[in-house]
Structures are given as structure tokens and as C-alpha cells.
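All values derive from a computational prediction rather than experimental measurement. The first residue of the sequence shown is numbered 1, and numbering continues consecutively from there.
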Amino acid sequence: MSERQSSSISNFRDALLRDTFQWCVEHSAFYRRRFSAISQFGGLCDLQRLPILRRDEIIAEHSDFLCDAGPPAYVQYTTGTTGTFLPLFRSYAEAAFISEFYNARAMGHPGITRSKRPLHLTLTSAYHGAGTPIPGVAYVLSAGVYDRTQAVQARNLLESTYRFPGVEERVSAIVGGDILIRALTAFLMDEGIDPSCFSVKTLILTGGYTSTRTKSLLGNLWNATVIDRYSLSEIFGGAVQAYPGGPWIFDVEIIPELVNPVTLQPVAAGIGVLVLTSLFPFSQMMPMVRYYTGDLAEIVAGRSAGDDFAIRLLGRERRSAIESRCSTVSPLVLSADLHDILESLPDVAATPRFAGVASDAAMEFAGKHHYNLDVHKDAHGLIDKIRIDVGLRYSPWLHRDRADLIATQVRDALYEKSPRLRERVLTDDLEFTVNLLHGGKVAPFSMK
């Protein structure tokens with residue numbers, strides 16, 4: 001990023017943050033009380049003066065939190081898997097601005113003036129309510145994969161040739177939640193259809209965590225470039241991964257920060273929890289100012305709220321074992337690391353999603369693996385015990401040597417990921433157990 005580009009982004013965010021603060025104070029009773037002690041707000045330089053916002057606060061004061069008392073244009077929601085169900089509203093004015101802004105940007109895009117606009121297939125999600133329409137360069141078709149009929153329709157759309165004026169004749173990109181794209185892939189493979197036979201050149205994943213291994217597999221099966229986007233229902237905007245396994249870069253429409261999960265102070269280097277601020281006028285009815293996402297991340301470039309800020313996502317805080325010492329966060333077991341290690345082992349049991357779309361064996365690719373992380377703390381709040389239960393496809397006593405090898409592989413891989421874990425175990429400061437069971441005795445793990 002050039003110095004000029006960096007300055008432009010900083011100025012853009014700074015101006016919108018000032019507007020966001022003013023909008024919140026004028027239109028939300030919740031924010032008016034929250035920011036009452038701040039008489040002057042200077043934008044980015046004052047951002048860290050504002051308190052951290054948590055989901056429970058929004059739920060408890062939902063009516064006062066709203067910046068518009070009228071009926072919403074769109075009702076969205078979190079699924080509740082990351083905590084208590086939270087309804088999210090977008091106003092008519094907000095939706096109109098988003099439509100006008102992105103339509104103008106699309107019209108100025110070189111792709112809109114070329115001979116053919118790209119043709120995309122969007123896999124619709126039933127989990128988060130009515131999506132906010134965002135104009136773009138592509139012409140979009142929609143399908144689902146929640147049952148076999150929908151999956152067949154999606155396949156038909158991929159196989160079809162279209163004669164829309166000024167639009168590509170075949171679908172060249174698929175956009176959707178990682179689970180949905182994995183489900184469609186599993187369906188096609190189970191039907192004996194090679195995904196690379198289509199004209200798809202790009203897969204755009206949105207939402208949940210997807211390992212580098214799975215992204216590489218999807219890219220190879222489809223012979224396509226995989227683009228992964230970080231997003232959550234509460235925030236308009238997100239981040240994109242530069243390449244599978246690479247750093248995450250944030251959209252200019254939001255301000256990202258990393259804070260210590262204990263002190264809530266900004267993290268200059270290393271690991272912290274991601275905090276995001278959505279900006280007016282992209283967010284008007286429910287702007288989120290310094291929203292605590294619960295996602296762990298590590299800074300790989302730049303600084304919090306800076307233009308060149310880039311991170312590595314590490315998984316959910318509540319699904320990990322971390323300790324904070326002298327304002328430094330040290331990982332013991334990170335949920336992303338644990339997921340990646342166990343996903344690579346074919347012995348680990350998995351529960352398929354979307355029953356009936358294809359065989360259970362195939363739909364495990366879109367399912368959840370069976371394992372659990374149990375963390376115990378002593379009277380002083382220090383982690384003194386970690387137990388990982390891993391559910392296998394068979395009873396461990398049937399293949400004892402193989403089971404012992406798996407336990408050793410998991411332990412050694414986690415030691416390699418976290419020297420601090422190894423150090424504490426070898427000094428008898430921490431009891432660490434990898435416990436192997438039949439998959440039926442361990443519930444599917446949630447990365448949420």
C-alpha cells in the first residue's frame with residue numbers, strides 16, 4: 001500500500017468515525033448515556049477513549065440502542081451459536097445509501113464497461129435473515145444447498161449456458177458461506193461430477209472458519225482461486241485473506257483493533273481479541289462502536305486501527321486456552337490450531353450436515369468433527385488443567401497402537417504450535433491430557 005493510499009484510508013475512516021460518534025449521540029439513548037463524559041471527540045486519535053461494546057449490553061438495552069425508532073428495512077440476526085440470539089436491524093435510509101454507494105462504485109469499475117459482466121452463483125444462507133442487497137459488477141444467480149432438490153438446482157445453474165445481454169454465458173464464480181460451498185462440492189463429488197468441469201474460476205467463502213488445508217482442497221477440486229472473507233452479522237464490512245494461509249486485510253468501511261482480553265488495552269504486537277467499529281452512513285440503525293467480537297488474532301503488520309493493519313485469525317477466544325501475563329497474551333491451545341490438527345486426521349469422527357443432499361460419508365465434508373477442549377483454572381485464575389477429548393470413528397481399544405499414535409501426534413503438534421504449552425507441561429506446572437474415545441461419546445465441536 002502506498003503512503004498516499006494509506007493517508008486516504010486514514011482520512012476516510014477518521015471523517016466517518018467523527019460522523020458516527022455524532023450520529024450515535026444524537027439518535028441513540030444508549031450511546032448518549034455511554035458517551036456523556038466525552039464532550040469533545042477527535043476521531044481516530046480518540047477512539048480508544050470509548051468503552052468496549054459487548055453483545056450482552058446490546059441485548060439488554062436493545063430498544064435504547066437503536067438509532068431509528070421506525071420499522072427496519074431488513075431484519076437480520078445472529079444464530080445464537082456465538083451467544084444469546086441478537087436481532088439486527090437496517091433502516092430504509094441505510095439500505096438506500098448502501099445501494100447508491102455501491103452502485104456508483106460498480107458503475108465506475110472497469111469490469112462494468114468490458115464486453116461481458118461476470119456471472120456469479122450465490123448460495124443463499126437461511127441462518128441470518130434477510131441479506132442487505134449490495135450492487136456489484138457481477139450479474140447474480142441464487143440457489144441453496146439445504147436439501148437435495150436445491151443442490152440439483154445449483155448443479156443445473158452451473159451446467160447451463162445463458163444468453164443474457166452483456167453477461168458471461170457461464171457461471172464463473174460461486175459466493176457463499178464456507179459450509180454451503182463445501183456442501184455443494186460434496187454433493188457433486190458424490191454424484192461423480194468433477195467440479196473442475198464447470199467454468200468456475202473463483203470460490204468466495206464467507207462467514208465461518210475454514211482451514212488452509214480445506215481451502216487448498218477446494219481450490220484443487222474446482223481448479224479455482226479461493227478467496228476467503230471474514231464477516232459477522234453484527235458488522236457491515238469485514239476482511240479478506242490475501243491468499244490461503246496469508247494475512248487478513250480489512251475493508252475501509254470498518255475500523256479494526258486488537259485488545260488484550262483481560263485489560264482491554266490496545267495490543268501493539270502479538271495476540272489479542274479483535275474489536276471492530278462500523279461506520280456511519282454504512283451503519284445507521286445499529287452502529288457498533290468498538291464491538292468485542294470474541295475472535296482471537298495476531299498482528300502480522302501495522303498497528304490497531306492503522307491503515308496497514310493486517311492480522312492472522314486464530315479462532316474463538318472461548319474455544320481456546322490462553323493466559324495473559326504482564327499484558328501479554330500467551331496461547332496454550334488455540335481453537336484454529338486444534339481444529340486444523342484434528343481435521344487432518346481421517347480417524348476423527350465427523351457428523352454430516354444437510355441430511356439427504358448426498359451420502360453421509362460425503363456430507364461429512366460440510367460437517368463437524370467430534371472433539372472437545374476442557375480448561376480448568378485454579379483458585380487464582382491460572383489454567384492448571386487442559387483436557388482434549390477426541391472422538392474417533394472406532395473404539396480406541398480396537399486399534400490401540402493407532403490410537404496411541406494419534407494421541408502423540410496431537411500432543412506433539414500442539415507443542416510445536418505453542419512452546420508455552422510445552423514449557424508448562426514439562427515443568428509439571430500444567431496437567432495436559434489428550435483423551436481418545438469413540439465418536440459417539442464426544443459431541444461435535446463448534447468453532448463459534
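Taking the salt bridge (charged side-chain N to carboxylate O under 4.0 Å, His left out) definition, one finds that R33 meets it with E61, D64, sequence neighbours left out. In terms of the side chain to side chain donor-acceptor pair (under 3.5 Å) criterion, residue partners of D46 (sequence neighbours excluded) are, by chain and number, R49. In this structure D14 satisfies the salt bridge (charged side-chain N to carboxylate O under 4.0 Å, His left out) test together with R18, sequence neighbours excluded. With sequence neighbours excluded, no residue forms a salt bridge (charged side-chain N to carboxylate O under 4.0 Å, His left out) with R54.
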Determine whether L205 and I181 satisfy the following criterion, side chain to side chain contact (heavy atoms under 4.5 Å, CB included), listing intermediate values before the conclusion. CA-CA 7 Å; L205 313 181; I181 290 181; 3.4 Å; yes
Apply salt bridge (charged side-chain N to carboxylate O under 4.0 Å, His left out) to the pair E26 and R32, showing each step before the final yes or no. CA-CA 7 Å; E26 292 177 355; R32 196 154 42 247; over 6 Å; no
Full working for side chain to side chain contact (heavy atoms under 4.5 Å, CB included) between V145 and V357: CA-CA 8 Å; V145 288; V357 171; 5.6 Å; no
Would E234 and Y291 satisfy side chain to side chain contact (heavy atoms under 4.5 Å, CB included), going step by step from the backbone distance to the final call? CA-CA 9 Å; E234 299 94 316; Y291 182 72; 2.8 Å; yes
Steps toward side chain to side chain contact (heavy atoms under 4.5 Å, CB included) verdict (L279, I255): CA-CA 8 Å; L279 296 172; I255 300 175; 3.9 Å; yes
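A cation-pi contact, defined as under 6.0 Å to the ring centre and within 45° of the axis, is absent between R90 and Y74. Geometrically, R319 engages F445 in a cation-pi contact defined by less than 6.0 Å to the ring centre and at most 45° from the axis.
Residues S335 and S320 share a closest heavy-atom pair of N-OG, 2.9 Å. When all heavy atoms are compared, the tightest approach of P244 to K215 is CB-CB, 4.4 Å. Looking at every heavy atom in both residues, S10 comes nearest to L44 through O-CD1, 3.6 Å.
Note that the OG atom of S283 and the CD1 atom of I235 stand 6.5 Å from one another [nearest 0.5 Å]. To the nearest 0.5 angstrom, T328 atom OG1 is 10.0 Å from I271 atom CD1. Going from atom NZ of K368 over to atom CD of E343 covers 14.5 Å, rounded to the nearest 0.5 Å. Here I322 contributes atom CD1 and N260 contributes atom CG; the two are 8.0 Å apart, rounded to the nearest 0.5 Å. The distance from atom CD of Q284 to atom OG of S278, rounded to the nearest 0.5 Å, is 11.0 Å. Residue M189 holds its CE atom at 5.0 Å from CG of L221, rounded to the nearest 0.5 Å.
Sparse packing is recorded around NZ of K417, with 12 or fewer heavy atoms of other residues, nucleotides or ligands lying under 6.0 Å away. Within a 6.0 Å radius of CD in E100, other residues, nucleotides and ligands contribute 12 heavy atoms or fewer.
When side chains are defined from C-beta on, V175 does not count as touching L121, because their heavy atoms never get closer than 4.5 Å. In this structure, the side chains of Q241 and R229 stay at 4.5 Å or more apart for every pair of heavy atoms. Side-chain contact check for F187 versus V152: some heavy-atom pair is nearer than 4.5 Å. A heavy-atom distance below 4.5 Å is not found between the side chains of L66 and F30. In this structure, P51 and F35 have side chains that are in contact, with non-hydrogen atoms separated by less than 4.5 Å. At a threshold of 4.5 Å between non-hydrogen side-chain atoms, the residues C67 and P287 count as touching. You'll find the side chain of T277 stays beyond 4.5 Å of the side chain of M288, heavy atoms only. Counting heavy atoms from C-beta on, the side chains of S199 and S172 never come closer than 4.5 Å.
Using modelled atom types and a 3.5 Å distance limit, the side chains of Y209 and D228 yield no donor-acceptor pair. Defined by atom type and a distance below 3.5 Å, a donor-acceptor pair is present between the side-chain atoms of D347 and Y394. For the residue pair N223/S196, the side-chain donor-acceptor check at 3.5 Å is not satisfied. Counting only N and O atoms by type, the side chains of Y292 and E317 include a donor and acceptor under 3.5 Å apart. Side chains of Q76 and S233: a donor-acceptor N/O pair is absent below 3.5 angstrom, by distance only. Inspection of the T351 and H370 side chains reveals an N or O donor paired with an N or O acceptor under 3.5 Å.
Using a 4.0 Å cut-off between a side-chain N of Lys or Arg and a carboxylate O of Asp or Glu, E168 and R117 do not qualify as a salt bridge. Ion pair E364/R353 not flagged as a salt bridge, since none of the NZ, NE, NH1 or NH2 atoms sits closer than 4.0 Å to an Asp/Glu carboxylate oxygen.
Shown are V390, I406, L392; of these, the side-chain contact (heavy atoms from CB on, under 4.5 Å) with L345 is made only by I406. Of the residues listed (T210, T206, T214), the one engaging D178 in a side-chain hydrogen bond (donor to acceptor under 3.5 Å, both in side chains) is T210, and it is the only one. When each of F236, W23, F97, Y31 is tested with F280 by the rule ring pair (Phe, Tyr, Trp, His ring centres under 6.0 Å), just one qualifies, namely W23.
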Identify each donor-acceptor pair in which a side-chain atom of residues 295-302 lies under 3.5 Å from a protein atom, sequence neighbours left out, and give them as a table.
residue: D295; atom: OD1; partner: R316; partner atom: NH1; Å: 2.9
residue: D295; atom: OD2; partner: Y230; partner atom: OH; Å: 2.5
residue: E298; atom: OE1; partner: R312; partner atom: NE; Å: 3.3
residue: E298; atom: OE1; partner: R312; partner atom: NH2; Å: 2.9

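Sorted by first and then second residue, the pairs that involve residues 148-160 and meet side chain to side chain donor-acceptor pair (under 3.5 Å), not counting sequence neighbours, are R148-E191.
Ring pair F309/F250 is parallel by interplanar angle, where below 30° counts as parallel and above 60° as perpendicular. The aromatic rings of H369 and H339 lie perpendicular to each other, with more than 60° between the two planes, well past the 30° mark.
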